[in-house]
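Inspection log for the structure reproduced underneath, given as structure tokens.
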Amino acid sequence: MTIQFNDETFRDDYTFRNSDWALKRFPFPFHEDSYMYSVNMEQHRGGPEGSVYEKRFDVDEHYVSEMRDRAQVLSEDPLRCQSLPHMTLAGWDVLELIMVSKSEDYPDLFELHRDGNRWRWINKPLGIDDTFTFLDEATLPYGPLEYITRQTQGDFAVLDQRDDNLWMDAGMVTTQADWSLDFDIGMNFFEWHAPVPMAHEKGIFVRALKFLMNIQQGAPARRLNWTMTVNPLLDTSPENYHKWGIQKTTLTPENIGAKQHLRVELQTFFRLPRSNALVFPIRCYLCSFQDLMTVPKWGRRLHRVVRDLPAELATYKGFIDNRPLMLDYLSGFDDGLPTSPGIWPDLETEPPLAK
Amino acid sequence: MSGAEKIAVKVTEIVPVNDLVTRFRFERVDGGALPTFSGGAHTVVEMQDGEITRLNPYSLMSDPMDPSAYTISVRRDDKGRGGSLFMHQKVQVGDEMTISYPVNLFPLDLRAKKHLFLAGGIGITPFLAQIKQLERLGGHWELHYACRTPALGSYVDELTAHHPNETHVYYDDQDQAIDLKNLLDGQPLGTHVYVCGPKGMIDWVRSTAQAEGWPREMVHYEEFLAPQPGKPFEVKLAVSNKVIAVGEHESLLEAIERAGVDAPYLCRGGACGQCETDVIDYAGKFIHRDHWLEEEQQASGKKIMPCVSRFEGRTLVLDR
């Protein structure tokens with residue numbers, strides 16, 4: 001299919017919108033009517049046609065505008081992309097993985113022509129046609145990681161693996177749920193996860209680290225994570241908290257449906273061949289409450305999840321103060337009927353709202 | 001399915017390197033490109049030896065950035081269970097085999113200012129790939145390689161011809177030995193040490209480095225154990241509710257797989273920890289041979305690594 005790219009903003013006037021197509025394929029993260037942490041990993045090798053799981057790196061209608069927003073973040077704060085000196089090889093691994101995947105998965109949008117180490121990369125949506133020498137940084141306008149992730153939706157953490165741990169030694173982070181690469185750079189897995197409540201006690205991170213360190217070449221994995229964001233902001237960073245944090249106080253019963261967004265991260269994990277590092281793409285999908293409520297199953301379920309979430313998690317995810325307002329709104333879409341298992345909208349089989 | 005992803009390959013070249021070592025070259029059956037890999041990675045080769053399926057890990061020794069073929073070197077072990085003998089005696093050019101995607105449990109630490117390689121015998125193979133990788137990337141390295149005799153010095157000629165300044169060879173039969181203490185003492189700051197060879201050599205390097213004040217995370221080692229034959233024994237698999245017999249020449253892991261029970265693994269050599277299994281009940285004695293479990297864990301009677309460890313006694317019940 002040919003994607004019609006939106007011309008939209010994720011700041012100031014917030015013209016971001018999901019089309020009907022984008023709404024139907026939104027990765028709703030709750031497979032049941034409640035939520036608790038788990039190492040909810042599965043293999044990342046395709047998924048239902050048209051879903052965000054289908055391709056290795058999903059490209060959607062927001063692509064061009066998201067890349068414009070990333071360029072703006074980087075121009076104001078270049079430290080959003082960093083790579084420690086030993087991670088350059090991993091950066092080339094990421095560049096190769098993305099170029100090969102995108103040119104195979106979207107041949108109408110991206111082309112890669114390789115003649116030995118001389119590579120030509122064509123990115124039609126962004127109007128790029130570059131020829132460069134693989135493994136020679138001097139032939140690209142940026143380092144390999146920055147070059148390719150300026151052209152790929154989602155944040156990227158590149159993790160070195162050594163001493164039985166993973167280390168946050170490179171990344172591109174401009175669409176994050178309130179964490180900072182500049183703060184976390186060089187930390188190990190337990191250090192950068194230190195602020196997360198409850199999960200340490202549950203032994204989640206010990207198991208997750210063991211799983212991640214055993215991800216092998218040719219066998220990528222994925223999971224979903226989620227939080228809440230007021231206004232369709234991509235850049236909810238600690239660096240800019242003074243700009244977006246205050247917006248959480250602007251919710252009213254009248255505007256909550258349009259302003260409050262469920263923010264879902266599709267997290268994938270790939271072992272990189274040359275460096276033996278792991279790349280951890282974190283792709284952000286936003287959807288307004290009012291759009292979500294057009295899917296009866298999601299309306300019922302979101303109300304129950306938000307209502308029953310432990311206070312620690314609602315605090316950590318930053319919406320404890322707005323939870324009463326959310327519940328007033330969401331309860332109007334919960335008629336108490338049971339929901340079908342799984343994350344899919346099931347529009348044909350789930351009954352319409354009976355209230 | 002357990003283990004890494006599989007690749008169908010064809011044997012395209014078999015070269016005797018010396019009396020004990022033979023080199024095998026694999027290319028994809030479909031003619032496509034093999035995955036690039038990082039120096040130090042191994043592949044698990046599946047061998048269909050009559051009724052028995054053997055899965056043995058071998059270090060990849062070819063250029064990690066060359067996707068046209070992989071090469072491995074196999075040292076013949078006349079007293080082993082037959083995996084290396086199968087490779088030496090049964091495998092022919094043109095045979096189709098299945099190998100796993102590369103898995104690296106012995107990677108370079110790319111922060112190192114210098115890589116100091118210490119090899120013993122067939123332990124040279126992962127370094128051959130790491131040297132090729134570092135040559136491509138402009139890394140700084142030095143190799144000290146101990147062999148039994150000049151006749152058994154696999155790849156010595158190639159190494160000394162291409163890298164005369166970096167390569168240092170020691171022959172046991174000429175009473176040459178690595179002067180380890182002095183060698184470690186003379187290294188620049190930021191050097192990482194890597195050792196691959198017999199267990200005695202690995203222990204010697206690790207303990208000497210520790211005594212000389214080297215940080216643990218700057219000393220890297222890899223030793224694959226081949227499973228050893230032993231007395232047959234019987235095991236009850238509690239989860240799958242099966243009683244299986246482990247033969248003299250098969251490992252516990254192989255017997256579990258033969259019974260159709262899926263068990264996780266990666267290295268099959270006691271190093272990676274993937275196959276760690278809980279013991280529910282036992283009466284007898286464990287023969288622990290892995291590098292994974294701590295001594296207390298091995299003594300506890302609660303864990304076993306079925307890839308290399310065995311059991312002698314009346315009852316063994318596993319959580320599998």
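In what follows, chains are A, B, ... by sequence order, proteins preceding strands, each numbered from 1.
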message: Just verifying a value: how many Å separate Gln216(A) CD and Gln274(B) CD, rounded to the nearest 0.5 Å?
response: 7.5 Å
query: Taking all non-hydrogen atoms of both residues, which atom of Glu5(B) and which atom of Ala219(A) are closest, and how far apart?
result: CG-CB, 4.2 Å
query: Would you say Lys124(A) has more than 12 foreign heavy atoms packed within less than 6.0 Å of its NZ?
result: yes
query: Near Phe190(A) CZ, under 6.0 Å, is it more than 12 heavy atoms from other residues, nucleotides or ligands?
result: yes
message: Atom CG of residue position Asp164(A) - does it have more than 12 heavy atoms of other residues, nucleotides or ligands inside 6.0 Å?
response: no
statement: When the 4.5 angstrom heavy-atom criterion is applied to Leu272(A) and chain B, the contacting part is neither
field: Members of residues 54-67 of chain B whose heavy atoms come closer than 4.5 Å to chain A
entry: Met65(B)
task: Return yes when atom NE2 of His163(B) has more than 12 non-hydrogen atoms of other residues, nucleotides or ligands closer than 6.0 Å, and no otherwise.
output: yes
- prompt: More than 12 heavy atoms of other residues, nucleotides or ligands under 6.0 Å from CZ of Arg118(A): is that the case?
  reply: no
message: Non-hydrogen contacts under 4.5 angstrom with chain A: give the residues of residues 104-117 of chain B involved, or none if there are none.
response: Asn104(B), Pro107(B), Asp109(B), Leu110(B), Arg111(B)
query: Which bit of Asn276(A) is near chain B, if near means a heavy-atom gap under 4.5 Å: side chain, backbone, both or neither?
result: both
field: Atom group of Tyr101(B) that falls short of 4.5 Å from chain A, counting heavy atoms
entry: side chain
- prompt: How about Glu217(B): does its CD atom have over 12 heavy atoms from other parts shown lying under 6.0 Å from it?
  reply: yes
task: For Tyr221(B), look at atom OH and say whether over 12 heavy atoms of other residues, nucleotides or ligands are found less than 6.0 Å away.
output: no
- prompt: For chain B, which residues of residues 85-93 of chain A have at least one non-hydrogen atom nearer than 4.5 Å to it?
  reply: His86(A), Leu89(A)
field: Per-residue contacts, residues 188-197 of chain B versus chain A, heavy atoms under 4.5 Å
entry: none
field: Side-chain donor or acceptor of Gln217(A) paired with backbone N/O of Thr36(B) under 3.5 Å
entry: yes
message: Is Ile7(B) close to chain A through its backbone or its side chain, or both, or neither, when contacts mean heavy atoms under 4.5 Å?
response: neither
message: Surrounding NZ of Lys10(B) (heavy atoms of other residues, nucleotides or ligands, distance under 6.0 Å), is the total greater than 12?
response: no
Chain B contact via Arg274(A) - side chain, backbone, both or neither, heavy atoms under 4.5 Å: both
